[in-house]
Amino acid sequence: MENNKKTSDFLHIGNKLLMWYDKNARDLPFRNTKDPYKIWICEIVFQQTRIAQGLNHYNNFIKRFSDVKTLAESPEDEVLLYWKGLGYYSRAINIHKAAQQIINDYDGVFPPEYEEILKLKGVGKYTAAAVSSICFNGKMPAVDGNFYRVLSRIFADDFDVSNSRAFNYFSELAHLIMPENVGDFNQAMMDLGSEICKPRNPLCGECPLNRDCLAFSLNKTSEFPVKTKKVKATDLGLQYYFVHRNGEFLIQQRKDDFIWKKLFEFPLQISEELMPFIKSVKTINHKLTHKNLSIEIFNVEVDSEEIWKNFTATNDYMITDVKNSQEKSFPKPLENYIQNYQTAYRFF
DNA sequence: AAGACGGGGTC
DNA sequence: GACCCAGTCTT
């Protein structure tokens, strides 16, 4: 232990938290089940994602892929389609692979042990702890951003959460207050962190732990957690050619080695013969967490059926139309562009 | 150990 | 505009 708190007893804090959770747990669709499949999916969906943002995606996903077998046997592009707009698309690709792992390596039965859950693609220490504790009475704290925030405030601990040892450090801190019912404890920490112990302007007046919170008693909640890591924005100069005719347009699929893994996009270059058909250029500025994207979209309106057919037949592009574009997963800025085009197209 | 990876909400 | 969020994977 890297602190001197071990000699004191903080278990009453966890018990207080459980009593609060009994009365104040959020009513969420995955709260009334211990089905490891559903808990697993919800843990992946809500990684780095707020409940309000991902709730519809979760419900639609469960409705379409109701069990591991259904998910494992579905095409990857359809899984990506149900992930459309959620971001971090490798989660969808990994969730699909993990479903096949469960079918192939565990005979279709979700493995109950923490160490086995951890072997699933896209499942790290947090998710493995959450699923094993909620579904199988596992005893690992599910240390996430909420744990960092709540624990650093309770103990007024300035350990840098950007430090790579933060996970282990706050895991040990969690053990100090962790009661027997770890599944409810983990979920209670999530609810407290999201509803009360918020990143900014926490509702300390309503917090069941305010009398146990050192940061609150020092009036220094805004100083925790300590995080030094900085985000840097880089600019990508993307240029797309929106090549279309009669409501059809050309698309291709991205690789899985960069942003927007395996999502569909417009061609990044066109042949010389299409240059005369460029009608206009639109610049879109799109912000990601770590990148600013300035995207130029060349509107290439092909009014010659001969050239259109010749071009589309001799290249590796796919053709889709404004209606069928709904069946593909596009990056958000391109999705918006197609939506606008669709709106304009209705006037013709 | 450090970057990369989305999108949306908040202040 | 900076920061944050039910983190994980790659290098």
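Naming convention: chains lettered A, B, ... in sequence-line order (proteins, then strands); numbering from 1 in each chain. All values below were derived from every heavy atom in this structure, side-chain atoms included, with hydrogens, water molecules and symmetry-related copies excluded. Only a predicted model underlies this, so the values are computations on that prediction, with no experimental measurement involved.
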Pick the [atom1] atom in [N] and in [M], then give their distance to the nearest Å.
N: dG9(B); M: dT8(C); atom1: P; value: 24 Å
N: dG6(B); M: dC5(C); atom1: C1'; value: 12 Å
N: dC9(C); M: dG8(B); atom1: P; value: 24 Å
N: dA6(C); M: dG3(B); atom1: C1'; value: 22 Å

Lys/Arg-Asp/Glu bridge criterion (N-O < 4.0 Å) met for [X], [Y]:
X: Glu76(A); Y: Lys97(A); result: no
X: Lys69(A); Y: Glu73(A); result: yes
X: Asp212(A); Y: Lys16(A); result: yes
X: Arg245(A); Y: Glu301(A); result: no
X: Glu296(A); Y: Lys282(A); result: no

Comparing Asn94(A) and Phe46(A) on DNA chain C - which has the more 5′ nearest nucleotide:
Phe46(A)
Could you check Pro225(A) against Gly145(A) and say which one's nearest nucleotide on DNA chain C is further toward the 5' end?
Pro225(A)
Take a 6.0 Å sphere around [atom1] of [X] and say whether it holds more than 12 heavy atoms from other residues, nucleotides or ligands.
X: Asp316(A); atom1: CG; answer: no
X: Asp27(A); atom1: CG; answer: no
X: Asp107(A); atom1: CG; answer: no

Tell me the interatomic distance from Tyr169(A), atom OH, to dA1(B), atom P, rounded to whole angstroms.
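These atoms are roughly 17 Å apart.
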With heavy atoms of chain A within less than 4.0 Å as the criterion, where does contact along DNA chain C begin and end?
dC3(C) to dC9(C)
Is [X] touching bases, backbone alone, or none of the nucleic acid, heavy atoms closer than 4.0 Å?
X: Phe30(A); result: base
X: Arg26(A); result: base
X: Asn146(A); result: sugar-phosphate
X: Arg254(A); result: nothing

Interface residues of residues 122-134 of chain A with DNA chain C (non-hydrogen, below 4.0 angstrom)
Gly122(A), Val123(A), Gly124(A), Lys125(A), Tyr126(A), Thr127(A)
Should the pair Tyr337(A) and Phe242(A) be assigned to parallel (<30°), tilted (30 to 60°) or perpendicular (>60°) ring geometry?
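Perpendicular, since the angle between the ring planes exceeds 60°.
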Aromatic ring pairing Tyr82(A)/Phe61(A), orientation class (parallel under 30°, perpendicular over 60°, tilted between):
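Rings of Tyr82(A) and Phe61(A): perpendicular, over 60°.
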Ignoring hydrogens, what is the shortest heavy-atom contact between Glu43(A) and Tyr126(A)? Give both atom names and the distance.
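Smallest heavy-atom distance, with atoms named: OE1-OH, 2.6 Å.
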Please encode protein proximity along nucleotides 5-11 of chain B as a string of B, S and -, counting only heavy-atom distances under 4.0 Å.
BBBBBBS
